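Please read all numbers here as calculations on a predicted model, not as lab measurements. Chain letters run A, B, ... following the sequence lines, proteins first, then strands; residues in each count from 1.
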Amino acid sequence: MLTVRDAIQTALIEAVRDLGVDGELPDLELGRAKDAGHGDYATSAGLKLARVLRRPPGQIAQEIAAAIAVPDGAASAEAVGGYVNFRLTDEWLQRLVSRVEPRFGANDLGHGEKVQVEFLSVNPTGPLHIGHGRGAILGDSIARLLQFTGHSAHREYYVNDQNRQARLFGESVYARLHGQEPPEGGYVGDYVTEIAETARAQKPDIVDNLDELRAFAIAAMVDRIRASVARLGVRYDEWFYESRLWHEQLPEEAIARLKNGGYLKEKEGALWFGDPAETEEEDRVVYKSNGEPTYFASDLGYLLSRFERRGFERVVEVWGADHHGYVPRMKAAAGALGIDPTKLVIILNQLVNLKEGAAAGSGGKMSKRAGRFVTLDELIDRVGSDAVRYFYLLRSPDTTIEFDLELAITQGNENPVYYAQYAHARLSNVEVAARERHRNLPDVAKVALLSQPWELDVARQLAFWPGVVEDAARLLEPHRIPYYVHDLATSVHRFYHAGNAEPAYRVVVDDPELTRARLEISRAARHTLKTALDLMGVSAPERM
RNA sequence: GCCCCGCUAGCUCAGUGGAUAGAGCAUCUGUCUUCUAAACAGAGGGUCGGGGGUUCGAAUCCCUCGCGGGGCACCA
């Protein structure tokens, strides 16, 4: 569906052409008006075109406003200074309310593009902590957004099951089972003991076999990780094991291709990847001098697996910001393999810090190996999945989250997630009340009866929704959704509250026609709240 | 030293180069005889880290300095 913003944009360009502007147009910066007094959308077209047309901005804006014809009478135009302000018309807003269906806002931006969203992918050598939760929620919500906008999204977790950390983990479990000290840099913690005990109980025949024990331990950790993220409503389409790449000989294939392209060089007994044109210090080791491959060798094969073997047209990876230094190398590797680097989109999310004085005696950096951290499960136990998701999604990935555990625990009903959920529950409730009061409501709503400002403001918010979806999906920025949800919830609460102040403004009144019309707003807003909350993975309760 | 992110109200954070910079929390003042007060109405609170530059116009773009966080492995 075309958004109303697109419709205005098209009409705007047409009007500008009619003024005799040829050639390339500057960005006319049509966007949401910042001040409600300026209407709903605004453009600085007059200022933008003043130079080309060699006329005063105000005059140009006047002419545009006079000439423009927004389709369906969706908006009226008014020139103020060099700006042209657009206001959505009451009639169009009223009709919009009846057009809102459960999947309102969905579009076909992606045209079925196959996009892989790979996220979390932490070494399965320990429980997830609160920082990991951020990547899980961000990746999952991006996938939800992509699915909602006409993409085929594939959620994938890349399981490092045969690297050094995986081996260390296996050795740590082995040591625990045999009463030995854990290896240098190995893993300790109750979960290591638990997995060791489980292995002893369930598979006593493998406790002396390091390889099998490692596989068992990794599988056990993957199960735990799967269970943890499932509590947040995160489900993967695929758990892709690093070892599979080697079975399919993809790293070798990638390396052969790089060798042919002159991207590999031997140095100090190891094999390095580096663009011939770049400096030495940016090189990365592919094969160590002891003949073992590094994770980078696997990653090269993984690129082929995704872009060629499995045919993803775009790959979105969500990484913690501590991996940012690896981005240029991955992009370069993709290019060297003949993959368009712009199709490899890497989203870095900043870390989650615990505030000083937080519970669990932590307060400092979390370390998996030291076995001292606040786990994601503990956080979910305390504040619930909805609150965790809402809070995490509220932040742009570029912002470090200062997570005050103390505050999160005591959040309770003060939690902002309830504001949105309560709006949904209220609307659900009012619809039930309407059915109890009126046995025979008209099938069709007379939306022209919706003329109160608080009624039209709900419709206005609904009008903005498709544009919010489009922006969030295009920019891969899910944090736009909770901000929209808050705005819509505000208009809903105002709409509802008008009836508290004055009974004649309740949704359910004596007049069946008026009740029916107001129910149409309720229904539309409820669908949209539900849709938006779904995109966030947050529940939309019907009662609270 | 080099690279990445951040610096906006007391706190936590939004803010596609446009008009008088916003929200939540916190503080203060009002509103339940109700379709749900987990709500609504209102108030106070700002040198957008500092300084230059580009532009008709800068929180936003460029340069520079400062502060905080993260990274710079033959770990991932």
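- A distance of about 35 Å separates the C1' atoms of G24(B) and U64(B), rounded to the whole Å.
- Of the candidates E520(A), E542(A), E431(A), R526(A) forms a salt bridge (charged side-chain N to carboxylate O under 4.0 Å, His left out) with just one, namely E431(A).
- Stacking annotation: H38(A) is stacked on the base of A19(B) (ring centroids less than 5.5 angstrom apart, interplanar angle below 30 degrees).
- The residue A33(A) sits apart from the nucleic acid: no heavy atom pair falls under 4.0 Å.
- A donor and an acceptor atom, one from each side chain of Q162(A) and E242(A), are nowhere located under 3.5 Å apart.
- Across all strands shown, L30(A) has heavy atoms under 4.0 Å from base atoms, whether or not it also approaches the sugar-phosphate.
- Considering only heavy atoms from C-beta on, L258(A) stays 4.5 Å or farther from V286(A) through its side chain.
- By the 5.5 Å and 30° criteria, Y83(A) is stacked with the base of A19(B).
- Across all strands, H493(A) comes closer than 4.0 Å only to sugar-phosphate atoms, never to a base (heavy-atom distances).
- Note on R543(A): a base of the nucleic acid sits closer than 4.0 angstrom, heavy atoms only.
- Using a 3.5 Å distance cut-off with no hydrogens or angles, the side chains of D161(A) and S243(A) do pair a donor with an acceptor.
- The ring pair (Phe, Tyr, Trp, His ring centres under 6.0 Å) search around Y157(A) returns Y236(A), W239(A), not counting sequence neighbours.
- Y484(A) has no side-chain polar atom (N or O) that falls below the 4.0 Å cut-off from OP1 or OP2 of A23(B).
- Listed by chain and number, the residues in a ring pair (Phe, Tyr, Trp, His ring centres under 6.0 Å) with Y392(A) are F403(A) (sequence neighbours excluded).
- The same atom, C1', is picked in U20(B) and in G46(B); the two are 13 Å apart, to the nearest Å.
- Contact record, V538(A) with Y390(A): CG2-N, 4.2 Å, taken as the closest heavy-atom pair.
- Proximity of L441(A) to P512(A): side-chain heavy atoms (C-beta onward) are separated by under 4.5 Å at one or more points.
- Atom C1' of nucleotide A39(B) and atom NE2 of H497(A) are separated by 5 Å, given to the nearest angstrom.
- Each of V417(A), D386(A), L393(A) was compared with M536(A) under the side-chain contact (heavy atoms from CB on, under 4.5 Å) criterion, and only L393(A) meets it.
- Residues W454(A) and Q452(A) have side chains that never bring a donor and an acceptor to within less than 3.5 angstrom of each other.
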Encode nucleotides 1-7 of chain B as B, S and - characters from 5' to 3', where the letter depends on protein heavy atoms closer than 4.0 Å: B to the base, S only to sugar-phosphate, - to neither.
--BSSS-
Output one line per pair: protein atom, nucleotide atom from nucleotides 41-48 of chain B, and distance, for all N/O pairs under 3.5 Å.
{"from": "A41(B)", "atom 1": "OP1", "to": "R494(A)", "atom 2": "NH1", "distance (Å)": "2.4"}

Might you list the N or O atoms of the protein lying below 3.5 Å from N or O atoms in nucleotides 72-74 of chain B, with each pair's distance?
{"from": "C74(B)", "atom 1": "O2", "to": "S289(A)", "atom 2": "N", "distance (Å)": "2.8"}
{"from": "C74(B)", "atom 1": "O2", "to": "S289(A)", "atom 2": "OG", "distance (Å)": "3.2"}
{"from": "C74(B)", "atom 1": "N3", "to": "S289(A)", "atom 2": "OG", "distance (Å)": "3.0"}
{"from": "C74(B)", "atom 1": "N4", "to": "E268(A)", "atom 2": "O", "distance (Å)": "3.1"}

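- Atom OH of Y419(A) is separated from atom C1' of A37(B) by 13 Å (rounded to the nearest Å).
- Listed by chain and number, the residues in a ring pair (Phe, Tyr, Trp, His ring centres under 6.0 Å) with F240(A) are Y302(A) (sequence neighbours excluded).
- Separating the C1' atom of U29(B) from that of G69(B) is a span of 40 Å, rounded to the nearest Å.
- Residues R426(A) and H493(A) bring a donor and an acceptor atom of their side chains to less than 3.5 Å of each other.
- Around atom NZ of K259(A), no more than 12 heavy atoms belonging to other residues, nucleotides or ligands sit under 6.0 Å away.
- For R437(A), the side chain to side chain donor-acceptor pair (under 3.5 Å) criterion is met by D510(A), not counting sequence neighbours.
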Tabulate below the donor-acceptor pairs under 3.5 Å that side-chain atoms of residues 480-487 of chain A make, not counting sequence neighbours, or state none.
{"from": "R480(A)", "atom 1": "NE", "to": "E477(A)", "atom 2": "OE1", "distance (Å)": "2.8"}
{"from": "R480(A)", "atom 1": "NH2", "to": "E477(A)", "atom 2": "OE1", "distance (Å)": "2.9"}
{"from": "Y484(A)", "atom 1": "OH", "to": "Q461(A)", "atom 2": "O", "distance (Å)": "2.6"}

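- Under the rule for a side chain to side chain contact (heavy atoms under 4.5 Å, CB included), the partners of A42(A) that lie at least two apart in sequence or sit in another chain are A33(A), N85(A).
- Using a 4.0 Å heavy-atom cutoff across all strands shown, N85(A) reaches at least one base atom of the nucleic acid.
- For the P atom pair drawn from C67(B) and A26(B), the interatomic distance equals 35 Å after rounding to whole Å.
- Heavy atoms of E542(A) sit under 4.0 angstrom from at least one base atom.
- Comparing the C1' positions of C56(B) and G68(B) gives a spacing of 37 Å, expressed to the nearest Å.
- Remark: R55(A) engages E63(A) in a salt bridge, criterion side-chain N to carboxylate O under 4.0 Å.
- As rounded to the nearest Å, G15(B) and C61(B) have C1' atoms that lie 16 Å from one another.
- Regarding I401(A), its CD1 atom lies at a distance of 11 Å from the C1' atom of C13(B), rounded to whole Å.
- When side chains are defined from C-beta on, I347(A) does not count as touching F119(A), because their heavy atoms never get closer than 4.5 Å.
- Using a 4.0 Å cutoff on non-hydrogen atoms, no part of residues 510-523 of chain A comes near RNA chain B.
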Might you list the N or O atoms of the protein lying below 3.5 Å from N or O atoms in nucleotides 53-58 of chain B, with each pair's distance?
{"from": "C56(B)", "atom 1": "OP1", "to": "R51(A)", "atom 2": "NH2", "distance (Å)": "2.1"}

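- Rounded to whole Å, atom P of G15(B) lies 10 Å from atom CG of L475(A).
- Here N500(A) lies in heavy-atom contact (under 4.0 Å) with a base.
- Side-chain contact, R389(A) with S141(A): a donor N or O sits under 3.5 Å from an acceptor N or O.
- As judged by a 4.0 angstrom heavy-atom cut-off over every strand, Y422(A) is placed among the base-contacting residues.
- For the residue pair T490(A) / Y419(A), a side-chain donor-acceptor distance below 3.5 Å is found, with atom types taken as modelled.
- Nearest nucleotide to the R480(A) side chain, out of C35(B), U16(B), C40(B): U16(B).
- Within the 4.5 Å cutoff, side-chain heavy atoms of L519(A) are placed close to those of V507(A).
- Between the C1' atom of C40(B) and the NE2 atom of H486(A) lies a distance of 13 Å, rounded to the nearest Å.
- Residue-level contact check: A42(A) touches the bases, meaning some heavy atom is under 4.0 Å from a base atom.
- Secondary structure note: stems in RNA chain B built from 3 or more consecutive Watson-Crick or G-U wobble pairs under 3.5 Å occupy B:1-7 with B:66-72, B:10-13 with B:22-25, B:27-31 with B:39-43, B:49-53 with B:61-65.
- Base engagement by H323(A) is indicated by at least one non-hydrogen atom pair under 4.0 Å involving a base atom.
- Among the heavy atoms of the strands lying under 4.0 Å from S396(A) are primed sugar atoms or P, OP1, OP2 only; no base atom is included.
- C48(B) and G17(B) have their C1' atoms separated by 15 Å, with the value rounded to a whole Å.
- Comparing U27(B) with G22(B), their P atoms are spaced 24 Å from each other, to the whole Å.
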